[in-house]
Visitor: 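Dumping the structure here so I can ask a few things about it.
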Protein chains: 2
Amino acid sequence: MTSDASVPTPATARPSASGELRATALDQFASVGFAGTSLQQIADAAGYSKSSVLYHFASKEALLEEVLTPAIDRLEAILERFLATAETVESRRRFVNDFIDFILEFRLELHTFINQSQSLRGIPVIDRAGVLIVRLSDTLCHGEASTEDRIRFGIALGGAAYTLVAGMTFLGEEIAPVDEIRPALLAVVTELLAPVTVRTTPSRK
Amino acid sequence: MTSDASVPTPATARPSASGELRATALDQFASVGFAGTSLQQIADAAGYSKSSVLYHFASKEALLEEVLTPAIDRLEAILERFLATAETVESRRRFVNDFIDFILEFRLELHTFINQSQSLRGIPVIDRAGVLIVRLSDTLCHGEASTEDRIRFGIALGGAAYTLVAGMTFLGEEIAPVDEIRPALLAVVTELLAPVTVRTTPSRK
DNA sequence: ACGCTAGCTGACCGATCGGTCAGATCCTGT
DNA sequence: ACAGGATCTGACCGATCGGTCAGCTAGCGT
């Protein structure tokens, strides 16, 4: 990906060491937490030495940044796209669809950020994600701070992050396939964020 | 609200050292995580020495157990009460009400458990809570494993835990008072857990 | 006045933390 | 064959981790 321009990169195999380390670190960060994950654990799980991890990434914090950045970029793109067009029932529905795809694709990154942003304040990528979430919330609530609307958004966000990572592992024994989860998740999140069936008009006082 | 009935407890002061330590530890566990919290931090924040913490609690793990146990006991009582009576629309509504009260009263404990149960497996109180959650989920879904119903439950659980602790701190700048949060939370959770029932619309728009 | 105990603390322990550094190994261009 | 950069590693560093222990102090029953 990053380093090898000429080398053919088989999509099936995982030749890149830094990629392997990123993936391993993400698993650990999402399940044990950033503070609870040691560089030694990451190295052992990925089959490298701790020194190798610090060769590829300047520090533990830098590793976190590299791991989370793609997800934040994607979320930012989704928000910008939503803001670029006038809001209609249709555009809001499309936004929710994008959002679901984002959640499903970056569930581990989302879970990591959602559950640890408080304790990781000061790390640039975390702060970036923080203002993004606030913008998202403000956008969906049209600036006016309706407590219930904000709670709807918070529950959809935190609930999805929890359910897809932590909840699935011990609620459903085996994780249901994405094609089964997606429609169910879409239905619930749509209900929370775009209650179109009941009140199609955006709440304006 | 956490009224020690007969003990002469001046509401302003906080006489109990172990109580002070429990409260401080809970704050830290919920915001920085169990692994991310050191005994030193807890001691400093509470104004004691690390040795004092270990005098009152046999170990860091024992401290966690003491901190979480009241919440788990309460949750267990709520479930047993729900199971004790035949299920009706009314009993389910009452259960949701109990559940909301539980979430509001034990938000920090719930958040701590919800977001860290994976990494804390093996600790008795965590495992106890785990089977409780599964029983709750099975009860609400009537055993039949409807993916959407399970997702509804997971989102309500994880979403509430997130919103009331992490979400509120940076979505709404100041935390709204409980009397404002409760009805909103009740509406959203009812919508998620008791979809058959008509939404209790105060419809004040 | 005395001893006893509960509460609390600093000194200390081995283990592990994130991070540095000097090589060892391998791979490629010449 | 050789040079040189990329990759990887073990040894090592100071700091901090959870936990132990002996001792200090204040209050209370006698």
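Sequence lines set the chain letters: A, B, ... in the order given, protein chains first and strands last, and positions in each chain run from 1.
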Visitor: Any donor-acceptor pair under 3.5 Å linking the side chain of B:R107 with the backbone of B:T163?
Guide: no
Visitor: Using modelled atom types and a 3.5 Å cut-off, is there a donor and acceptor pairing between side-chain atoms of B:K60 and backbone atoms of B:F34?
Guide: yes
Visitor: What is the per-nucleotide protein-contact pattern of nucleotides 8-14 of chain C, from the 5' end, where B denotes a base atom under 4.0 Å from a protein heavy atom, S denotes such proximity for sugar-phosphate atoms only, and - denotes neither?
Guide: BBBB---
Visitor: Nearest whole Å is fine: how far is D:dT20 C1' from B:F57 CZ?
Guide: 18 Å
Visitor: Please give, in whole Å, the distance from C:dC17 P to A:E61 CD?
Guide: 18 Å
Visitor: Enumerate, atom names and distances included, each donor-acceptor pair closer than 3.5 Å involving a side-chain atom of residues 62-71 of chain B, sequence neighbours excluded.
Guide:
| from | atom 1 | to | atom 2 | distance (Å) |
| --- | --- | --- | --- | --- |
| B:E66 | OE1 | B:R22 | NH1 | 3.1 |
| B:T69 | OG1 | B:E65 | O | 2.6 |

Visitor: Look at B:S59 and D:dG18 and indicate whether a side-chain polar atom (N or O) is within less than 4.0 Å of OP1 or OP2.
Guide: no
Visitor: Grab the CG-C1' distance between A:L64 and C:dG18 for me, whole Å please.
Guide: 14 Å
Visitor: May I ask you to decide if A:R128's main-chain N or O and A:E76's side chain share a donor-acceptor pair within less than 3.5 Å?
Guide: no
Visitor: Can you tell me how far C1' of D:dG18 sits from CG of B:L39, to the nearest Å?
Guide: 6 Å
Visitor: Look only at the side chain of A:Q116 and the backbone of A:F29, and say whether a donor-acceptor pair between them is shorter than 3.5 Å.
Guide: yes
Visitor: Remember a base hit wins even if backbone is also touched, and classify A:L54 as base, sugar-phosphate or nothing at under 4.0 Å, heavy atoms.
Guide: base
Visitor: When the distance from NZ of A:K60 to P of C:dG18 is rounded to whole Å, what number comes out?
Guide: 4 Å
Visitor: Is A:E148 salt-bridged to A:R152, going by a charged N under 4.0 Å from an acidic O?
Guide: yes
